[in-house]
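Labels below follow one simple rule: chain letters A, B, ... track the order of the sequence lines, proteins then strands, and each chain is numbered from 1.
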Number of protein chains: 2
Amino acid sequence: MNSKYSPERLEKAARCLRTLAHPLRLQIINLLSQRERAVQELEKELGVSQSSISQHLNLLKDKEIVASRRAAQQVFYRLNDPRFLELISLTRELFCKE
Amino acid sequence: MNSKYSPERLEKAARCLRTLAHPLRLQIINLLSQRERAVQELEKELGVSQSSISQHLNLLKDKEIVASRRAAQQVFYRLNDPRFLELISLTRELFCKE
DNA sequence: TGTGTTTATTATAATATTCATATATTATGA
DNA sequence: TCATAATATATGAATATTATAATAAACACA
């Protein structure tokens with residue numbers, strides 16, 4: 001009855017945590033928690049190349065952390081679940097006490 | 001006022017999340033959430049080599065996720081903060097819904 | 001169709017992580 | 001001190017992740 005923490009599930013949880021565990025991706029999530037943004041907005045706000053932003057967004061999308069919609073040439077990304085911010089907030093609380 | 005999510009802090013949060021993001025380390029945390037354990041207990045329960053367990057414990061200790069005490073030849077490890085389990089639980093909730 | 005704008009994909013070099021093996025350290029008790 | 005038990009550390013090969021540069025694809029509009 002500890003299947004909640006079966007090796008398979010922990011394996012999956014680990015893969016998903018790894019996806020969160022990147023400073024740029026955390027910044028993206030933080031920005032998207034305010035409102036949806038186009039790729040080029042993120043590019044400007046974060047000062048990172050288009051290719052890099054796009055690749056990171058792809059990883060986040062693959063784990064269903066973000067979702068996207070296209071509007072003409074732009075693609076807007078948004079956070080899929082506001083609780084991802086909670087997760088980051090709890091992480092900060094636990095690790096960044098000084 | 002968004003210093004809570006300054007790049008520096010997110011950088012640190014990312015490093016700490018990376019430390020959590022390993023299936024074996026999640027299993028260790030899960031076991032330690034019940035009660036403290038000696039290295040050899042973890043070794044037996046998880047079926048992993050002594051060296052491997054010790055290396056993973058060292059990473060967890062470095063990030064202050066676990067703490068340890070020595071009793072004769074044995075070293076007992078414990079979870080430093082029960083909220084680490086909350087973090088994992090929330091992760092599971094967010095990512096392992098099916 | 002042709003051009004400009006935005007986003008996605010691919011390839012690859014640099015870096016980081018993981019795992020296994022061998023060795024070292026720490027403590028106990030004869 | 002010596003032998004044994006428990007744990008820690010060092011090293012290197014295998015693997016995974018990341019960043020950069022180059023190219024491709026999707027869309028709008030003249």
* Test salt bridge (charged side-chain N to carboxylate O under 4.0 Å, His left out) applied to A:Glu36 - qualifying residues, sequence neighbours left out -> A:Arg69
* To do: Work out which heavy atom in B:Leu87 is nearest to a heavy atom in B:Thr91; give both atom names and the distance.
  => O-OG1, 2.8 Å
Under 3.5 Å, side-chain donor or acceptor atoms of residues 52-61 of chain A against the rest of the protein: list the pairs with distances, not counting sequence neighbours.
residue: A:Gln55; atom: NE2; partner: A:Ser51; partner atom: OG; Å: 3.1
residue: A:His56; atom: ND1; partner: A:Arg25; partner atom: NH1; Å: 3.0
residue: A:Lys61; atom: NZ; partner: A:Ser68; partner atom: OG; Å: 2.8

* Asked: In whole angstroms, how far is the C1' atom of C:dT6 from the CZ atom of A:Arg69?
  -> 15 Å
* Measure the distance from CG on A:Leu24 to C1' on D:dA19 and round it to the nearest whole Å. => 11 Å
* Any chance you could measure A:Arg92, atom CZ, to B:Arg9, atom CZ, to the nearest 0.5 Å? => 5.0 Å
* Asked: Base, sugar-phosphate, or nothing for B:Phe76, non-hydrogen atoms under 4.0 angstrom?
  -> nothing
* Nucleotide D:dA16, atom C1' - distance to CG of A:Leu17 in whole Å -> 17 Å
* Asked: Which residues pass the salt bridge (charged side-chain N to carboxylate O under 4.0 Å, His left out) test with B:Glu86, sequence neighbours left out?
  -> none
Using a cut-off of under 3.5 Å, enumerate the N/O to N/O pairs linking the protein to nucleotides 15-17 of chain C.
residue: C:dT17; atom: OP1; partner: B:Arg18; partner atom: NE; Å: 3.2

* Asked: Should the heavy atoms of other residues, nucleotides or ligands under 6.0 Å from CD of A:Glu45 be counted, would the total exceed 12?
  -> yes
Would you mind writing out the side-chain donor-acceptor pairs for residues 11-20 of chain B within the sub-3.5 Å range, not counting sequence neighbours?
residue: B:Lys12; atom: NZ; partner: A:Phe95; partner atom: O; Å: 3.3
residue: B:Thr19; atom: OG1; partner: B:Arg15; partner atom: O; Å: 3.1

* Asked: CD of B:Glu41 versus C1' of D:dT7: gap in Å, rounded?
  -> 14 Å
* **Distance, rounded to the nearest Å, where A:Gln74 contributes CD and D:dA25 contributes C1'** => 17 Å
* Which residues in residues 48-65 of chain A have at least one heavy atom lying under 4.0 Å from any atom of DNA chain D? -> A:Ser51, A:Gln55, A:His56
* Hey, are the side chains of A:Val75 and A:Arg70 touching, using non-hydrogen atoms and a 4.5 Å cut-off? -> yes
* **Side-chain (B:Ser89) to main-chain (B:Leu85) donor-acceptor, under 3.5 angstrom** => no
* **Footprint string (nucleotides 24-30 of chain C, 5' to 3'): B base within contact, S backbone only, - free, heavy atoms under 4.0 Å** => ---BS--
* Residue list, side-chain contact (heavy atoms from CB on, under 4.5 Å) with B:Arg35, at least two apart or on another chain -> B:Arg37, B:Glu41
* Asked: Quick one: B:Arg37 CZ to D:dT7 P, roughly how many Å, whole number?
  -> 14 Å
* Structure fact -> Across all chains, not counting sequence neighbours, the salt bridge (charged side-chain N to carboxylate O under 4.0 Å, His left out) partners of B:Arg83 are A:Glu93, B:Asp81
* Asked: Please give, in whole Å, the distance from C:dT7 C1' to A:Lys44 NZ?
  -> 13 Å
* **Separation of atom OH in B:Tyr77 from atom P in D:dT7, rounded to whole Å** => 9 Å
